[in-house]
Amino acid sequence: MKILLNKHITIIRRRACMLAGIAVAGMTVVSCSSPSVSEQKADLEQAQALIERSDYRSAQSICDEIRQFQAKGETRDAKVLGRLSILYMKLSDAGEHEENIEYAYQCFLEAYSADSVAAHEYYNSLSIDEMPQGVLLAGIVRNTIRIPDMEEPDSVAVK
């Protein structure tokens, strides 16, 4: 009888450990899930405040994290990507990380890819303080993307 009781207790302990492991794994998955768009927007406002206080390292970390969430495609939002592109331009202005212009460029393109109307609205509503970064970024994009209708012909037609 005592042996049967010990086996039963062992089985119960194994099941309890297995259930605890499943619960921990479930909590890990939940904690690793992407933040909502509103949470990302709030984080971007925090990054903006950090840039204003010259805490570029912390702002960079926030921007990089949000860019990774947006790249997954689960919660791609044109306005978040647009805001992110401007913050990367500001970080680039501060001399932080050479790749920030490339990140800004990618975010700009992804914003238009996600929702061109929302992206257009975002960039048209930039504040006067952010206009230089927006104009520079738009110029970079315009100079690197060749649109066939806008290219100059290789030869001049002779009549």
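Residue numbers start at 1 and run along the sequence shown.
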> Hey, mind stepping through S58 and D55 against side chain to side chain donor-acceptor pair (under 3.5 Å) and telling me if it holds?
Replying inline: CA-CA 6 Å; S58 298; D55 186 354; 3.0 Å; yes
> Is there a side-chain contact between N124 and H120 (heavy atoms, below 4.5 Å)?
Replying inline: yes
> Does the pair R76 and S113 meet the rule for a side-chain contact (heavy atoms from CB on, under 4.5 Å), with working shown?
Replying inline: CA-CA 9 Å; R76 286 182 35 169; S113 174; 3.3 Å; yes
>> Show the nearest heavy-atom pair for residues A47 and C63, with the distance to one decimal.
In response: CB-SG, 4.1 Å
> Out of curiosity, does L109 fall in the hydrophobic cluster containing L81 (side-chain heavy atoms, cut-off under 4.5 Å, transitive links)?
Replying inline: no
>> Would you compute the distance between atom CG of L87 and atom CD1 of I51 and round it to the nearest 0.5 angstrom?
In response: 4.5 Å
> Can you tell me how far CD of E121 sits from OG of S116, rounded to the nearest 0.5 angstrom?
Replying inline: 10.0 Å
>> Check whether Y122 forms a cation-pi arrangement with R83 (NZ or CZ under 6.0 Å from the six-membered ring centre, at most 45° off the ring normal).
In response: no
> Between Y103 and L50, is there a shared hydrophobic cluster once you connect ILVMFWY residues whose side-chain heavy atoms come closer than 4.5 Å?
Replying inline: yes
> What is the distance from atom CD of Q40 to atom CD of E65, rounded to the nearest 0.5 Å?
Replying inline: 9.0 Å
> Say you draw a straight line from CZ of F69 to CG of D43; how long is it, rounded to the nearest 0.5 Å?
Replying inline: 9.0 Å
> Distance from D93 atom CG to Y56 atom OH, nearest 0.5 Å?
Replying inline: 9.0 Å
>> Pair I62, Q46 - check side-chain contact (heavy atoms from CB on, under 4.5 Å), show working.
In response: CA-CA 8 Å; I62 290 170; Q46 181 183 5; 3.9 Å; yes
> Between C107 and S85, what is the shortest heavy-atom contact and its length?
Replying inline: CB-CB, 3.8 Å
> Got a donor-acceptor contact below 3.5 angstrom from the E39 side chain to the S36 backbone?
Replying inline: yes
> So do Q70 and V80 actually touch side chain to side chain, heavy atoms under 4.5 Å?
Replying inline: yes
>> Could you see if I66 belongs to whatever hydrophobic cluster contains L91? Use Ile, Leu, Val, Met, Phe, Trp, Tyr and a side-chain cutoff under 4.5 Å.
In response: yes
>> Test of understanding: clusters of I, L, V, M, F, W, Y form through side-chain heavy atoms closer than 4.5 Å, transitively. Do Y105 and M89 belong to the same one?
In response: yes
> What orientation do Y123 and Y112 show, parallel under 30°, tilted 30 to 60°, or perpendicular over 60°?
Replying inline: parallel
> Do the non-hydrogen side-chain atoms of Q60 and N100 ever get within less than 4.5 Å of each other?
Replying inline: yes
> Closest heavy-atom contact between A78 and A118?
Replying inline: CB-CB, 3.9 Å
> Any side-chain heavy-atom pair from Q133 and Y88 closer than 4.5 angstrom?
Replying inline: no
> Where do E102 and Q106 land on the side chain to side chain donor-acceptor pair (under 3.5 Å) test, with the steps shown first?
Replying inline: CA-CA 6 Å; E102 178 64 28; Q106 290 170 356; 3.2 Å; yes
> Same cluster or not: are V37 and L84 linked, directly or through other Ile, Leu, Val, Met, Phe, Trp or Tyr residues, by side-chain heavy atoms under 4.5 angstrom apart?
Replying inline: yes
>> Is there a side-chain contact between E130 and K90 in this structure, where contact means two heavy atoms from C-beta onward sitting under 4.5 Å apart?
In response: yes
